[in-house]
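Here's the structure, in structure tokens; my notes come after.
What you see below is based on every heavy atom in this structure, not just the backbone, and it leaves out hydrogens, waters and symmetry mates.
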Protein chains: 2
Amino acid sequence: MLRISKLTDYAVVLTTHLADTAGVTSVRALAEGSAIPEPTAAKVLKTLAKAGLVDSVRGAHGGYRLAREATAITVAEIIEAIEGPIAVTECVDAESECSLEEQCGVRANWQRINDAVATALQGITLAEMARPDAPRLFQIRKADSAETARSITR
Amino acid sequence: MLRISKLTDYAVVLTTHLADTAGVTSVRALAEGSAIPEPTAAKVLKTLAKAGLVDSVRGAHGGYRLAREATAITVAEIIEAIEGPIAVTECVDAESECSLEEQCGVRANWQRINDAVATALQGITLAEMARPDAPRLFQIRKADSAETARSITR
DNA sequence: GGCAAAGAGTACCCATGGGGTCCCATTTAG
DNA sequence: CTAAATGGGACCCCATGGGTACTCTTTGCC
């Protein structure tokens with residue numbers, strides 16, 4: 001499955017909506033516009049605010065707005081705000097004491113895969129994510145030898 | 001976090017060990033060599049066998065061996081054997097009825113991200129995964145030209 | 001000033017499924 | 001025949017994703 005959590009999905013959708021709007025938007029409006037249950041949307045937005053990705057305005061007529069330009073927010077940041085550091089496997093995550101890490105030749109390669117995925121997600125901005133007709137696609141390539149040309153054709 | 005499950009991690013480690021050995025190897029030997037609890041290793045191997053990635057030999061002196069060359073098994077296959085189809089988000093997975101999918105501009109982009117990740121994992125063989133000093137790295141590129149766009153759409 | 005409309009913070013609950021164990025049936029070498 | 005293996009279940013536990021509720025605090029507006 002290799003899933004991101006639903007909450008993260010919500011976060012992307014919500015920030016996407018914010019990217020479309022100029023001023024601040026209330027949780028209620030955002031929730032309605034995204035078909036996300038309001039309390040849950042509120043929870044997600046609070047988390048995003050703590051992470052500094054959105055700014056909140058309290059009080060009457062308050063709401064949320066993006067803390068930066070949509071072009072300056074990456075999908076990776078949103079994921080990390082909700083789920084923590086991107087770590088494909090446990091052993092890739094910072095302080096894991098894999099019992100036989102000396103032996104484990106697999107680890108280094110998971111690390112590389114993890115880096116590739118992280119880099120990819122860091123390269124995708126919220127602005128791009130907001131456009132269904134995004135002109136850019138993303139591909140992952142082996143960086144190396146001669147046959148890399150063929151690496152896409154599966 | 002974007003994690004693959006521990007069981008999948010185990011699967012990669014176990015198949016890696018199989019790639020190093022010629023004949024069949026018993027679950028016990030594999031479990032000991034990988035520091036994975038034996039019953040759990042057994043479970044994983046059964047799943048891999050059902051998926052056709054490893055062959056089992058029953059009876060005394062039985063065990064497992066790779067069903068194909070290590071160069072002909074991809075990491076993507078192992079992941080899918082344990083976790084099912086690679087689907088970064090729910091809406092990417094086959095039969096999801098996302099309430100407002102018409103509206104949801106995010107979906108198409110998740111699909112693209114998903115494809116990129118899947119393609120990457122399909123390009124990594126078990127043989128490569130088994131070598132800690134793998135010479136190849138993996139990187140992700142944005143392809144903003146129209147031609148590459150076509151090459152990914154499956 | 002006071003009320004109402006917002007978000008902040010936190011505690012809490014519930015269901016799902018990852019992770020793990022066990023048992024018994026079946027196969028096969030010696 | 002027996003022991004050593006896997007096949008195929010059923011089963012359990014508990015961490016956590018997902019969702020809810022309730023009480024502060026801030027602030028616009030009459």
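Picking from dT20(D), dG7(D), dG9(C) the nucleotide with the shortest atom distance to the side chain of Pro37(A) gives dT20(D). Of the listed nucleotides (dT6(D), dA8(C), dG8(D)), dA8(C) has the atom at the smallest distance from the side chain of Ala49(A). When distances run from any side-chain atom of Lys43(B) to the nucleotides dG8(D), dT6(D), dG19(C), the shortest one goes to dG19(C). The listed nucleotides are dT27(D), dT6(D), dT21(C); the one nearest the side chain of Ala60(A) is dT27(D). Considering only side-chain atoms of Ser5(A), the nucleotide from dG17(D), dG7(C), dG19(D) that sits closest is dG17(D).
Taking atom CG on Leu2(A) and atom P on dG18(C), their separation rounds to 13 Å, with Å as the unit. Rounding to whole angstrom units, CG of residue Leu7(A) and C1' of dA15(C) are separated by 14 Å. Between the P atom of dG7(C) and the CG atom of Leu14(A) lies a distance of 12 Å, rounded to the nearest Å. Residue Leu45(B) contributes atom CG, which lies 16 Å from atom P of dG19(C) at whole-angstrom precision. Rounded to an integer number of Å, the gap from Ile82(B) CD1 to dG18(C) P is 11 Å. One can place NZ of Lys6(B) at 14 Å from C1' of dG17(C), the figure rounded to the nearest angstrom. Rounded to whole Å, atom P of dG7(C) lies 8 Å from atom CG of Leu30(A). Distance CZ (Arg28(B)) to P (dA4(D)): 9 Å, rounded to an integer number of Å.
Ionic pairing of Arg68(B) and Glu77(B) is present here: one or more N-O contacts between side-chain nitrogen and carboxylate oxygen are shorter than 4.0 angstrom.
Within the 4.0 Å cut-off from OP1 or OP2 of dT6(D), not a single side-chain nitrogen or oxygen of Ser26(B) is found. Using a 4.0 Å cut-off, no side-chain N or O of Ser56(A) falls inside it from OP1 or OP2 of dA6(C). OP1 or OP2 of dA8(C) has at least one side-chain nitrogen or oxygen of Tyr64(A) nearer than 4.0 Å. Between Tyr10(B) and the phosphate of dG19(C), there is no side-chain N or O to OP1/OP2 separation shorter than 4.0 Å.
Using a 4.0 Å heavy-atom cutoff across all strands shown, Lys46(B) reaches at least one base atom of the nucleic acid.
Between Gly59(A) and His61(B), the residue whose closest nucleotide on DNA chain D is further toward the 5' end is His61(B).
The environment of Glu69(A) atom CD is sparse: at most 12 non-hydrogen atoms of other residues, nucleotides or ligands sit within 6.0 angstrom.
Hydrophobic clustering places Leu7(B) together with Val12(B) (ILVMFWY residues linked when any side-chain heavy atoms are closer than 4.5 Å, directly or through intermediates). Linking Ile, Leu, Val, Met, Phe, Trp and Tyr residues whenever their side-chain heavy atoms come within less than 4.5 Å places Leu66(B) and Ile36(B) in a single cluster.
Between the side chain of Arg58(B) and the base of dT26(C), at least one donor-acceptor pair of N or O atoms lies under 3.5 Å.
Remark: of the listed residues Val24(B), Asp55(B), Leu126(B), Thr25(B), Thr25(B) is the sole one forming a side-chain contact (heavy atoms from CB on, under 4.5 Å) with Leu18(B).
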